[in-house]
Amino acid sequence: MDTQETVVYTYNLQAGCPLQFSVFIEPEANQPNHYTLTLSMKAGHVERALCAPVTLRLSIDPRRLDFSVFVFPPRTSLPAGCLYNLRVWLQTADVDHRIFSDNDLWVGRDPDFRSVGDASFAVLRNATQDMLIYQGIVGRAHVSFIIRWKLVEVGLYSLSLEYEAGGAGRTLFEDYYMRLECEPQIVTFMIYAIPVTSIPPGATHRLRFWLRTPFVSHSPASSAVSQSESYIYQRIWKSDDFKIGAGLNFDALGSKLVMGIRDPDSPRIERDLPCLNPSRRRSSRTLTNAIGSSSGNSLTHNR
């Protein structure tokens with residue numbers, strides 16, 4: 001098999017909405033009979049990578065393989081009907097090998113997000129050709145979520161998400177690659193936060209980030225439902241430990257709390273200060289003790 005060739009196996013199934021899974025097999029350049037397998041899922045207009053790549057040694061023709069690709073609901077979920085376990089098994093002769101597994105695949109048509117109790121939803125406030133800004137309230141803090149598209153090549157885009165609140169922010173993820181069969185302007189998002197019991201109260205949240213594209217049916221029987229009102233949603237990122245809040249009461253941590261007192265001489269500017277983290281690149285002229293902090297699918301992104 002030529003090292004420039006890729007063998008693609010495609011499987012289609014219905015799980016609330018049409019899903020298409022593709023297994024890509026590429027030969028390793030410097031290892032004979034070794035191949036890298038990657039997995040993608042296409043839902044609506046979006047194709048994205050799932051799971052981590054797997055390298056196999058094959059003594060059989062990679063163009064004569066067979067896979068079992070299936071999903072099944074593991075348990076109840078909120079929103080209901082859109083959480084699945086995904087399995088991909090390779091069949092060689094009479095032997096089955098499990099290659100890919102994902103127990104956190106969230107995808108569905110028109111989930112009922114109103115069933116998610118205590119959720120605080122962000123609202124789209126501004127949109128340009130390559131950026132969207134959603135605004136929401138998380139822990140009583142007014143937060144802006146900034147989504148950026150970057151064109152990598154024809155049909156392939158990179159997605160990033162950052163937040164800003166009160167003049168400070170950071171990147172939550174970047175370089176999430178996906179293929180689009182539509183313009184990025186067709187894609188919208190669902191962002192919401194759910195408070196988690198914490199001390200101080202209001203400091204910890206579950207943050208969920210869903211992608212939304214219009215559902216397009218090729219069946220005349222579905223004409224009774226307006227396609228413009230139906231969407232396919234897929235969750236592409238989450239955090240269970242998003243820390244932010246406004247007016248937090250740190251005294252709630254108890255009487256043994258010892259609070260630091262800022263030195264009257266700070267902040268200050270220092271030059272050529274030795275870096276305590278050698279792995280971090282720094283210029284010869286460095287600002288320290290200033291206010292600030294530093295804070296990640298190709299179509300091979302792993303979730």
Side-chain angles (χ1 to χ4, degrees), residues 118-150 152 158-177 189-209 236-297 301-303:
D118 299 327
S120 175
F121 294 87
V123 178
L124 178 63
R125 294 300 187 192
N126 190 27
T128 65
Q129 184 175 1
D130 56 4
M131 183 178 69
L132 300 94
I133 299 177
Y134 287 74
Q135 292 183 339
I137 298 177
V138 184
R140 297 188 297 179
H142 292 264
V143 181
S144 294
F145 295 98
I146 301 116
I147 302 163
R148 301 183 193 275
W149 289 104
K150 183 167 63 176
V152 179
S158 172
L159 188 69
S160 68
L161 173 67
E162 60 190 78
Y163 84 88
E164 190 278 333
R170 62 186 176 94
T171 299
L172 297 174
F173 70 78
E174 58 187 354
D175 294 337
Y176 194 116
Y177 294 92
F189 301 89
M190 175 73 73
I191 306 172
Y192 60 89
I194 305 168
V196 177
T197 300
S198 62
I199 301 177
T204 306
H205 315 269
R206 295 188 180 96
L207 187 62
R208 301 294 185 259
F209 183 83
I236 65 173
W237 183 84
K238 72 166 185 175
S239 171
D240 289 329
D241 196 33
F242 186 56
K243 302 283 190 178
I244 196 171
L248 296 178
N249 178 22
F250 294 105
D251 290 335
L253 288 166
S255 60
K256 295 184 179 181
L257 171 72
V258 180
M259 183 66 73
I261 301 175
R262 190 171 74 176
D263 191 299
D265 191 34
S266 68
R268 63 185 183 274
I269 305 296
E270 304 225 4
R271 301 181 186 275
D272 302 326
L273 189 69
C275 182
L276 296 177
N277 183 2
S279 65
R280 180 184 173 191
R281 295 181 180 179
R282 300 180 59 178
S283 65
S284 59
R285 300 180 62 182
T286 306
L287 289 179
T288 62
N289 294 327
I291 300 173
S293 61
S294 63
S295 11
N297 163 7
H301 170 84
N302 79 358
R303 289 157 40 104

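By convention here, the first residue in the shown sequence is residue 1. Any value given below was found using the heavy atoms of this structure, including those in side chains, with hydrogens, waters and symmetry copies removed. Note that the structure is predicted; figures quoted are calculated from it, not measured.
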Only distances under 3.5 Å count here; give the side-chain donor-acceptor pairs of residues 119-128 to other protein atoms, sequence neighbours excluded, each with its distance to 0.1 Å.
| unit_1 | atom_1 | unit_2 | atom_2 | d |
| --- | --- | --- | --- | --- |
| Ser120 | OG | Ile137 | O | 2.7 |
| Thr128 | OG1 | Asp130 | OD1 | 3.4 |
| Thr128 | OG1 | Met131 | N | 3.2 |
| Thr128 | OG1 | Met131 | O | 3.4 |

Any chance you could lay out the side-chain contact (heavy atoms from CB on, under 4.5 Å) test for Ile244 and His205, step after step, and finish with the verdict? CA-CA 8 Å; Ile244 196 171; His205 315 269; 4.1 Å; yes

For side-chain contact (heavy atoms from CB on, under 4.5 Å), just list the numbers for Leu161 and Trp237, CA-CA rounded to whole Å, side-chain angles, deciding distance to a tenth of an Å, and then say yes or no. CA-CA 10 Å; Leu161 173 67; Trp237 183 84; 4.3 Å; yes

Side-chain contact, heavy-atom cut-off 4.5 Å: Leu207 with Asp241? no

Nearest 0.5 Å, what's the CD-CG distance between Gln129 and Leu132? 11.5 Å

Just distance, no hydrogens or angles: give the donor-acceptor pairs under 3.5 Å from side chains in residues 140-149, sequence neighbours left out.
| unit_1 | atom_1 | unit_2 | atom_2 | d |
| --- | --- | --- | --- | --- |
| Arg140 | NH2 | Ala246 | O | 3.3 |
| Arg148 | NE | Glu162 | OE1 | 3.2 |

If you take all heavy atoms of Tyr163 and Ala165, which pair is closest and at what distance? CD1-N, 4.2 Å

Identify, with sequence neighbours excluded, every residue that meets side chain to side chain contact (heavy atoms under 4.5 Å, CB included) alongside Asp240. Arg206, Arg208, Lys238

Ring centres under 6.0 angstrom apart (Tyr192, Phe209): no

More than 12 heavy atoms of other residues, nucleotides or ligands under 6.0 Å from NZ of Lys243: is that the case? yes

For a side-chain contact (heavy atoms from CB on, under 4.5 Å) check, start with the C-alpha distance between Leu159 and Phe189, then their side-chain angles and the critical distance, and finish with the verdict. CA-CA 12 Å; Leu159 188 69; Phe189 301 89; 4.0 Å; yes

Ignoring hydrogens, what is the shortest heavy-atom contact between Pro200 and Leu248? Give both atom names and the distance. CG-CB, 4.1 Å

